Amino acid sequence: MASYSANTKREKKVFDTEDDVAKAMAEYTFNLSKKFCKKRGYFTIVLSGGDLVLWLKKLLVPEYAETEWSKWHVFWVDERVVPLDNKDSNYKQTLDSFLSEVPIPTSNIYAIDQNCAALGDAKGAAIVYEECIKRLVNQNIIRTYKSSGFPQFDLQLLGMGPDGHMASLFPGHYQIKEKASLVTYITNSPKLPPKRITFTLPVINCASYNLMAVCGEAQADAVAKVFKDDFNLPSARLTADTQAIWYLDKAAASKLPSECL
Ligand SMILES: O=C(O)[C@H](O)[C@@H](O)[C@H](O)[C@H](O)COP(=O)(O)O
C-alpha cells in the first residue's frame with residue numbers, strides 16, 4: 001500500500017460551495033471512468049455513504065451521457081449492517097438517489113450479503129464481502145496492487161466525519177490497525193447505526209485514485225488537524241497509488257492556515 005508519512009503532501013482544491021464540490025467530483029469521476037473504460041474495459045468505483053449519496057446526482061446530466069455505465073463495477077468502502085431495504089443502508093440510499101437512474105448492470109453492483117445484513121451479522125457480512133472482492137480479483141475485474149495481492153480499485157469516493165473518521169475507521173478504534181484483512185467490521189460505531197463493515201486502511205490506500213470530498217463548517221476542525229498530520233485521525237492517513245486529492249468547500253477549509261490555501 002502507498003504509505004502515509006509526516007511529509008505526506010496532501011493535494012487539495014478548495015471550492016466556494018458544496019454544490020461546486022459535488023460538480024467537480026462528478027467531473028473527476030467521469031474523466032477517470034473514461035480513462036479506465038478505454039484502458040481496460042472496466043471501471044471499479046468504490047462509494048461512501050453520507051452526503052456523497054446526494055452528490056452523485058451531479059453525474060446524471062447530459063454532459064456525462066456518454067459514460068459507459070455498463071462497464072462500471074460499484075462497491076462500498078463501508079456499509080451499515082442493516083437490511084438492504086432499510087433507510088440507513090448505503091446501498092438503498094445510493095440505489096434510490098443514483099443507481100436507479102443509470103444502466104449499470106445489477107450484477108455489477110456489489111451490496112453486502114443480504115442475509116448477514118438482515119441478521120445484523122457484521123462479522124459474517126465482512127467475511128462474505130471480502131470473499132466477493134477476492135473472487136473479482138481472480139476474475140481480473142479488480143486489479144491487484146503491485147506484488148501485495150491486495151485489491152486495487154480504480155477510484156474511491158470518500159467522506160470524512162467531524163471526528164476525522166473515513167469509511168468506518170474511527171479514531172481510537174482498533175479497526176484502523178487492521179492490516180491483514182481486506183474488510184473488517186465494527187459493532188459499536190460512534191456514528192450510528194452501530195454495526196458496519198469497512199475496507200481496511202491498506203485496501204483504501206491501494207486504490208489508484210482517492211477523492212476525499214469534505215464540506216461544511218462542522219468538518220473544519222478535523223480538516224485543520226488532518227493537514228497538520230494528526231494521524232490520530234484516520235483520514236490523515238489517506239494516500240493512494242496514483243493520486244489522493246481533497247475537495248473542500250470554503251467552510252470546511254476555513255480553519256486551514258492561509259499559507260495552506
Ligand atoms: O456510511 C457512512 O456513514 C459513510 O461512509 C461515512 O463514512 C461518511 O463518508 C462520513 O461519515 C462522512 O459523512 P458526511 O458526508 O455525511 O459528512
Side-chain angles (χ1 to χ4, degrees), residues 15 17-26 29 45-58 74-84 86-99 110-112 117 120 122 125-126 129 153 155-173 175-176 178 183-201 203-205 207 210-226 233-238 244-254:
F15 300 86
T17 67
E18 177 177 329
D19 195 56
D20 294 334
V21 168
K23 285 175 184 168
M25 187 194 74
T29 302
I45 181 169
V46 181
L47 307 176
S48 296
D51 291 337
L52 176 78
V53 171
L54 295 175
W55 298 342
L56 288 169
K57 283 181 175 294
K58 298 297 185 185
V74 180
F75 305 83
W76 278 267
V77 76
D78 68 338
E79 174 59 290
R80 296 85 179 275
V81 187
V82 295
L84 296 185
N86 183 296
K87 66 176 178 51
D88 285 333
S89 161
N90 285 338
Y91 165 77
K92 173 172 170 51
Q93 291 180 20
T94 315
L95 180 68
D96 292 350
S97 70
F98 170 64
L99 294 174
Y110 306 93
I112 63 172
Y129 211 58
F153 293 94
L155 170 62
Q156 287 180 150
L157 298 177
L158 301 168
M160 182 180 75
D163 60 355
H165 79 260
M166 67 174 169
S168 285
L169 300 175
F170 291 91
H173 288 254
Q175 287 84 359
I176 187 68
E178 175 58 47
V183 185
T184 189
Y185 66 97
I186 183 169
T187 57
N188 60 345
S189 168
K191 177 178 181 182
L192 297 180
K195 290 182 179 179
R196 294 150 171 262
I197 69 157
T198 181
F199 283 2
T200 57
L201 186 65
V203 172
I204 291 172
N205 284 346
N210 274 321
L211 172 56
M212 173 69 85
V214 185
C215 295
E217 179 74 37
Q219 325 285 5
D221 285 328
V223 168
K225 286 177 180 174
V226 164
L233 278 62
S235 297
R237 304 185 188 192
L238 179 68
I245 189 164
W246 290 66
Y247 278 12
L248 308 170
D249 69 353
K250 277 184 174 172
S254 58

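Both ligands and their constituent atoms are indexed starting at 1 by order of listing. Keep in mind that what you see is a predicted model, and the values were worked out from it rather than measured.
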Handout entry: First-shell residues of ligand 1 [heavy atom, distance under 4.0 Å]
Key = Ser48, Gly49, Gly50, Asp51, Asp78, Arg80, Asn90, Gly159, Met160, His165, Ala167, Lys191, Arg196, Gln219
Indicate every side-chain donor-acceptor pair of residues 183-191 with a distance under 3.5 Å to a residue at least two apart or in another chain.
from: Ser189; atom 1: OG; to: Lys191; atom 2: N; distance (Å): 3.1
from: Ser189; atom 1: OG; to: Lys191; atom 2: O; distance (Å): 2.5
from: Ser189; atom 1: OG; to: Arg196; atom 2: NE; distance (Å): 3.2

Handout entry: Validation row: Leu201, Ile176 side chains within 4.5 angstrom (heavy atoms)
Key = yes
Exercise for the section: Evaluate the side-chain proximity of Trp246 to Met160: yes if any heavy-atom separation is below 4.5 Å, no if none is. Expected result: yes
Practice task
Look at the aromatic rings of Tyr91 and Trp76 and report parallel, tilted or perpendicular, splitting at 30° and 60°.
Solution key: perpendicular
Problem - Lys/Arg N to Asp/Glu carboxylate O, Lys92 vs Asp96, below 4.0 Å - result: yes
Problem - Separation of Ser89 OG from Ile112 CD1 (nearest 0.5 Å) - result: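 One finds 7.0 Å between CD1 of Ile112 and OG of Ser89.
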